[in-house]
Amino acid sequence: CALALLAAGSAFETDLVGAVRDDQDDWFRRHFENLIHSTLPNMRYIPWGDLQSGPNGGVTYEMAGAIDAMTWALQSPEGAHFSRRIAEHRGLRRFYGDTAVFYMLYTRRQKVRPQVPPTSFLAGNRQSGHFIARSGWDDGATVVAFRATDHFGDHNHYDQGSFAIYRNGLLAVDPPIYRKIRGPQQRTDNHNTLLIGSTAQRPARGQSFKTVEAFQENLNAGKQLETGDILFSHDAGEWAAVAGQFAQAYEPESVQSCVRQLLFVRPDKVVVVDQLVAPAGKTLPEVQWLLQVPEAPTSDGVAIEASNGKSWLRCRPIMPGGSAPTVTETDVNTHRVSYGYHGRETLALVHLLEVGDGTAAGRTADVDVKRTDTSLNVTIDGTTYRFETRRPFAVSGTDDSE
């Protein structure tokens, strides 16, 4: 897209990048920002959907030149910062074969001064999207990502409400393999989300249509591709939070409302709050809270601890009522941790995830939860955060006006 836009602009001697900025909500810049934020410190992409190995799964020679072209065209300070980080990681090896021309056309012509990008980004809008927050832009940063969006094609997974945590490698893992479309990586039970009554999120198909009319018919048939909404996102500096509704990803007889709120307390704590409501006149079936980790974890019967060889992750439920965690080796090279909860008319779950460097877990935070009529108040090491229990399910600090 970037190269076609720049080539057409050159051929017709027209500022097409400026036309996009002025007339079409600057979608080109938004796509570029999403690319920057979706790249992990190891130059691989956050694995939303099917993710290939090799040059298609991260910033190698197939992308470095296009990134410099976008930086030049947009005069993007954040792009210049991103380009410099790629150069630090890859050197001139980031250009190879016919991509070397981009070094001559764009890299050597950069004039804009680099600027560190913000530490969070919402791709999409309140209807659907994903939210990415990080502790910083250094190689040792923690990156937290959350997804609640619609189904856009068969390379997407049935993973609404899922999250990923990265620190020197993935710790809360999205399926790291892709051998074929609609493979095991697509299944709900291989993601960090919920099974409701042992049932996965409903299958959606939205890709293989011969006409636009057929696509529109499928799109409008019972909201077939409507699977998730972003309700709220906010970055307060010391913390960032997001909330998503993804009941529509399940069969309607399973759940009426399924809201996940995720709080990232920089640099090393994540609180996941789930609030579920059964359909009218029913109770929820058993709910399984899922976490995928890179290696077999250890457990004391309540908390689990896992490592990627360089950093560790600890997860523990904060609200009572769940079963002891079970661990299953998956067919996507991860280990699945599952906490089970008996269904009621309404259900509130709170889980704390902590990360740190090394392979031995450090001190656990002091955490307490109190209910009010309108919120769940979670106190972590003396600081309290409010998780609202009604739309838009906002998250705020006790001294924050949001």
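- Judged by distance alone, the side chains of Gln261 and Gln275 do bring a donor and an acceptor atom under 3.5 Å apart.
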Worked check of side-chain contact (heavy atoms from CB on, under 4.5 Å) between Ile165 and Val143
CA-CA 6 Å; Ile165 302 175; Val143 183; over 6 Å; no
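- For the pair Thr334 (side chain) and Thr330 (backbone), a donor-acceptor distance under 3.5 Å is absent.
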Do Arg179 and Asp331 pass the salt bridge (Lys or Arg N to Asp or Glu O under 4.0 Å) test, and can you show the C-alpha distance, the side-chain angles, and the key distance before you say yes or no?
CA-CA 12 Å; Arg179 300 189 183 100; Asp331 52 359; over 6 Å; no
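- In this structure, Met63 CE and Leu35 CG are separated by 4.5 Å, a value rounded to the nearest 0.5 Å.
- No donor-acceptor contact under 3.5 angstrom links the side chains of Thr359 and Ser307, judged on distance only.
- For Asn308 (side chain) and Leu171 (main-chain N/O), no donor-acceptor pair under 3.5 Å exists by modelled atom type.
- Rounding to the nearest 0.5 Å gives a distance of 4.5 Å between OG1 of Thr383 and OH of Tyr385.
- Panel note: side chain Trp48, backbone His130; no donor-acceptor pair is recorded below 3.5 Å.
- Arg336 and Thr326 form no side-chain donor-acceptor contact under 3.5 Å, judged by distance and modelled atom types alone.
- Side-chain contact annotation: Gln185 with Asp50, donor-acceptor N/O pair under 3.5 Å present.
- The cationic group of Arg29 does not satisfy the cation-pi geometry with Trp27, failing either the under 6.0 Å distance to the six-membered ring centre or the 45° limit from the ring axis.
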Would you please test Arg84 and Asp68 for salt bridge (Lys or Arg N to Asp or Glu O under 4.0 Å) and show each step?
CA-CA 10 Å; Arg84 187 164 63 181; Asp68 283 351; over 6 Å; no
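- In this structure the side chain of Gln160 never reaches within 4.5 angstrom of the side chain of Gln248, judged on heavy atoms.
- Of the listed residues (Ile196, Val287, Leu284), just one forms a side chain to side chain contact (heavy atoms under 4.5 Å, CB included) with Ser254, and that residue is Ile196.
- Using a 4.0 Å cut-off between a side-chain N of Lys or Arg and a carboxylate O of Asp or Glu, Arg260 and Asp274 qualify as a salt bridge.
- Between Arg390 and Asp373 there is no salt bridge, since no side-chain nitrogen of the basic residue lies less than 4.0 Å from a carboxylate oxygen of the acidic one.
- Interatomic distance, Ser83 OG to Ile36 CD1, rounded to the nearest 0.5 Å: 10.0 Å.
- For CD of Gln75, the number of neighbouring non-hydrogen atoms (other residues, nucleotides, ligands) closer than 6.0 Å is greater than 12.
- Distance alone, capped at 3.5 Å, is enough to place a donor-acceptor pair between the Thr199 side chain and the Gly197 backbone.
- Note that OG1 of Thr188 is 6.5 Å distant from CG of Leu195, once rounded to the nearest 0.5 Å.
- Put simply, the side chain of Thr39 never gets that close to the backbone of Met43: no donor and acceptor are under 3.5 Å apart.
- In this structure, a donor-acceptor pair under 3.5 Å is present between the side chains of Ser338 and Gln288.
- Looking only at distances, a side-chain donor or acceptor of Trp137 sits under 3.5 Å from a matching main-chain atom of Pro117.
- Aromatic ring centroids of His151 and Tyr158 lie under 6.0 Å apart.
- Atom CZ of Arg113 has 12 or fewer heavy atoms from other residues, nucleotides or ligands within 6.0 Å.
- Under the 4.5 Å side-chain criterion, counting only non-hydrogen atoms from C-beta, Ile304 is in contact with Leu291.
- Between the side chain of Thr99 and the backbone N or O of Tyr96, at least one donor-acceptor pair lies under 3.5 Å.
- With Arg266 contributing its side chain and Gly237 its backbone, the two residues share a donor-acceptor pair below 3.5 Å.
- Between His191 and Phe163, the gap from one ring centroid to the other reaches at least 6.0 Å.
- Note: Phe146 CZ to Thr193 OG1 = 8.0 Å, rounded to the nearest 0.5 Å.
- Within a 6.0 Å radius of CD in Glu286, other residues, nucleotides and ligands contribute more than 12 heavy atoms.
- Looking at Glu354, its side chain never comes within 3.5 Å of a backbone N or O of Asp268 through a donor-acceptor pair.
- The shortest distance between side-chain heavy atoms of Tyr250 and Val255 falls below 4.5 Å.
- Listed by chain and residue number, Asp357 satisfy the salt bridge (charged side-chain N to carboxylate O under 4.0 Å, His left out) test with Arg167 (two or more places apart in sequence, or in another chain).
- Within 6.0 Å of CZ in Arg391 there are 12 or fewer heavy atoms belonging to other residues, nucleotides or ligands.
- For the residue pair Ser162 and Arg147, no side-chain donor N or O sits within less than 3.5 Å of a side-chain acceptor on the partner.
- The backbone N or O of Arg44 lies less than 3.5 Å from a partner atom in the side chain of Asn42, making a donor-acceptor pair.
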Ring pair (Phe, Tyr, Trp, His ring centres under 6.0 Å), that's the test. Do Trp239 and His234 meet it? Break it down for me.
CA-CA 9 Å; Trp239 58 268; His234 180 64; 5.6 Å; yes
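- Asn190 pairs with exactly one of Asp174, Leu290, Val332 by the side chain to side chain contact (heavy atoms under 4.5 Å, CB included) rule, that one being Val332.
- Residue pairs meeting the ring pair (Phe, Tyr, Trp, His ring centres under 6.0 Å) criterion with at least one member in residues 101-126, sequence neighbours excluded, are His37-Phe121, Trp72-Tyr106, Phe95-Tyr103.
- Note that CG of Leu349 and CD1 of Ile318 are 12.0 Å apart. Values are rounded to the nearest 0.5 Å.
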